[in-house]
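The next block holds one structure in the form of structure tokens; read it before the comments.
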Amino acid sequence: MTTAAAYARLDLTGRSIIVTGAGSGLGRATAQLIAARGALVTVADVNAEAGGATVAEIEAAGGTAQFVATDITDESAVRDLVAAAVSAYGGLHGAHNNAGINGPAALAGDLGYDQWRQVLDINLNGVFLCLKYELAHMKENGGGSIVNTASTAAAIAYPNIPAYVASKHGVLGVTRQAALDYIRYGVRVNAVLPGSVWTPLAESALKDPEIRAKAESAQPIGRLGEPHEIAEMVAWLLSDAASFAVGSPFFVDGGVNAG
Ligand SMILES: NC(=O)c1ccc[n+]([C@@H]2O[C@H](COP(=O)([O-])OP(=O)(O)OC[C@H]3O[C@@H](n4cnc5c(N)ncnc54)[C@H](O)[C@@H]3O)[C@@H](O)[C@H]2O)c1
């Protein structure tokens, strides 16, 4: 393969790709990076102001994007999101199902059932709803690539966040399961497993400088990640360069899973 052909496999020119939770953090970084590589990005978020700001940044940089206000726990909104991407950009070739929340820090015995359900509803049921409509479209239209945002909490437990750990284990489970069923239709489904990354979500959990220092030193690399460091993996998985990557957990975590 020539150098030009190798780089071409990373290119996303003309690909219609949905990114959920793209108003902030990891989703915004993915949306910006894939737009820079030529993707036509549908930015989905429950926060309209934040989603609109992501679209404005992409357009200012010369990229193409649209905002679709979406609560991923609302099935009809997710169905409309997929339809909006297809109608604006002539199809759907990829998706980063990324929107998620931390939920409260509490022992399982102290966690309200409503709090448990809210985390599972957004982090797991929301990913399922996105998969449902994306997979149905891709199955009938020549395939695609889907990346779900899990977490190192999909592979190991952390104290005090029972719903989050369960939801992220579930995201990895549904990723592997969908990959098995849909690879025969040309759809690759994978998961990215970030370690602690400096985003508004992490900021809320790491406000206390002592807790932040602890989080930094818990990662063998000695620092938190930056959103673009996760986006690089997602953009690779969305591209043809990842053509043999199917149903796998891709850690990007500063070494957490190594030890
Ligand atoms: N930041 C980290 O350290 C870290 C580590 C591992 C995994 N993750 C995961 O990465 C994903 C993104 O996290 P982040 O750090 O970028 O968070 P963030 O809070 O910066 O961004 C999350 C975005 O999702 C949106 N959102 C929340 N609920 C939604 C809903 N119901 N429908 C649509 N949009 C919704 C929010 O409005 C926000 O814009 C999450 O799934 C999170 O669990 C983050």
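We number each residue from 1, following the sequence as shown. Just follow the structure's listing: the first ligand is 1, and inside any ligand the first atom is 1.
Side chains of Asn148 and Thr175: a donor-acceptor N/O pair is present below 3.5 angstrom, by distance only. Side-chain atoms of Ser243 and Arg9 include a donor-acceptor pair closer than 3.5 Å. In this structure, a donor-acceptor pair under 3.5 Å is absent between the side chains of Asp114 and Gln118.
Residue nearest to atom 38 (C) of ligand 1, selected from Leu26, Asp45, Asn102: Asp45 (by heavy-atom distance). Here atom 2 (C) of ligand 1 lies nearest to Val197 when heavy atoms of Val78, Val127, Val197, Asn125 are compared.
Only the backbone of Ala150 comes within 4.0 Å of ligand 1, judged by heavy-atom distances. Under 4.0 Å from ligand 1, the heavy atoms of Tyr164 that appear belong solely to its side chain. Contacts between Thr70 and ligand 1, counted as non-hydrogen atom pairs separated by less than 4.0 Å, involve the backbone only.
Within the 4.0 Å heavy-atom shell around ligand 1 one finds Lys168. Remark: distances from the non-hydrogen atoms of Asn98 to ligand 1 include one below 4.0 Å. Residue contacts with ligand 1: Gly126 is excluded, as none of its non-hydrogen atoms falls under 4.0 Å. Within the 4.0 Å heavy-atom cutoff, Gly195 counts among the residues contacting ligand 1.
Taken to the nearest 0.5 Å, the CE atom of Met138 stands 15.0 Å off from the OH atom of Tyr185. Residue Leu131 holds its CG atom at 9.0 Å from OH of Tyr182, rounded to the nearest 0.5 Å. Considering CG of Leu40 and OG1 of Thr13, their distance stands at 8.5 Å, rounded to 0.5 Å.
Where the criterion is an N or O separation shorter than 3.5 Å, residue side chain and backbone included, Thr73 fails it with respect to ligand 1. No N or O atom of Thr149 sits closer than 3.5 Å to an N or O atom of ligand 1. Backbone and side-chain nitrogen or oxygen atoms of Pro194 are examined, and none is located within less than 3.5 angstrom of a nitrogen or oxygen of ligand 1.
Closest non-hydrogen pair, Leu193 versus Ala150, comes out as CD1-CB, 3.9 Å. Closest of all the heavy-atom pairs between Val43 and Ala31 is CG2-CB, 4.4 Å. Taking every heavy atom of both residues into account, Ala22 and Thr54 meet most closely at O-OG1, 2.7 Å. Between Pro104 and Val119, the shortest heavy-atom contact is CD-CG2, 4.4 Å. Nearest heavy atom pair, residue Gln66 against residue Tyr89, reads N-OH, 3.2 Å.
Nearest protein heavy-atom neighbour of atom 29 (C) of ligand 1: Val46 CG1, 3.8 Å. Nearest to atom 17 (O) of ligand 1 among the protein's heavy atoms is Leu201 CB, 3.1 Å. In terms of protein heavy-atom proximity, atom 22 (C) of ligand 1 is closest to Gly100 O, 4.0 Å. For atom 28 (N) of ligand 1, the closest non-hydrogen atom of the protein is Ile122 CG2, 4.0 Å. For atom 18 (P) of ligand 1, the closest non-hydrogen atom of the protein is Ser24 OG, 3.6 Å. Here the protein heavy atom with the shortest distance to atom 32 (N) of ligand 1 is Ile72 N, 3.1 Å. Closest to atom 24 (O) of ligand 1 among all protein heavy atoms lies Gly21 CA, 3.4 Å. Annotation: atom 15 (O) of ligand 1 to nearest protein heavy atom, Thr199 OG1, 2.4 Å.
With hydrophobic clusters built from ILVMFWY side chains whose heavy atoms lie under 4.5 angstrom apart, Val187 shares a cluster with Val174.
Residue Ser151 has at least one heavy-atom neighbour below 4.0 Å for each of these atoms of ligand 1: 6 (C), 7 (C). Every atom of ligand 1 is numbered from 1 in the order shown, and the set under 4.0 Å from a heavy atom of Ser196 is 3 (O). Within the listing of ligand 1, atoms 20 (O) sit less than 4.0 angstrom from a heavy atom of Pro200. The Gly25 neighbourhood of ligand 1 comprises atoms 16 (O), 20 (O), with distances under 4.0 Å to a heavy atom of that residue. Close approach of ligand 1 to Asp71 is summarised as follows: ligand atoms under 4.0 Å from at least one heavy atom of the residue are 30 (C), 31 (N), 32 (N).
For the side-chain contact (heavy atoms from CB on, under 4.5 Å) with Thr73, the lone residue among Asn123, Asn125, Asp121 that qualifies is Asp121.
Using a cut-off of 4.0 Å between Lys/Arg side-chain N and Asp/Glu carboxylate O, Glu75 and Arg79 are scored as not salt-bridged.
Remark: Arg223 is not positioned above the aromatic ring of Trp198, lacking an NZ or CZ atom under 6.0 angstrom from the ring centre and at most 45 degrees off the axis.
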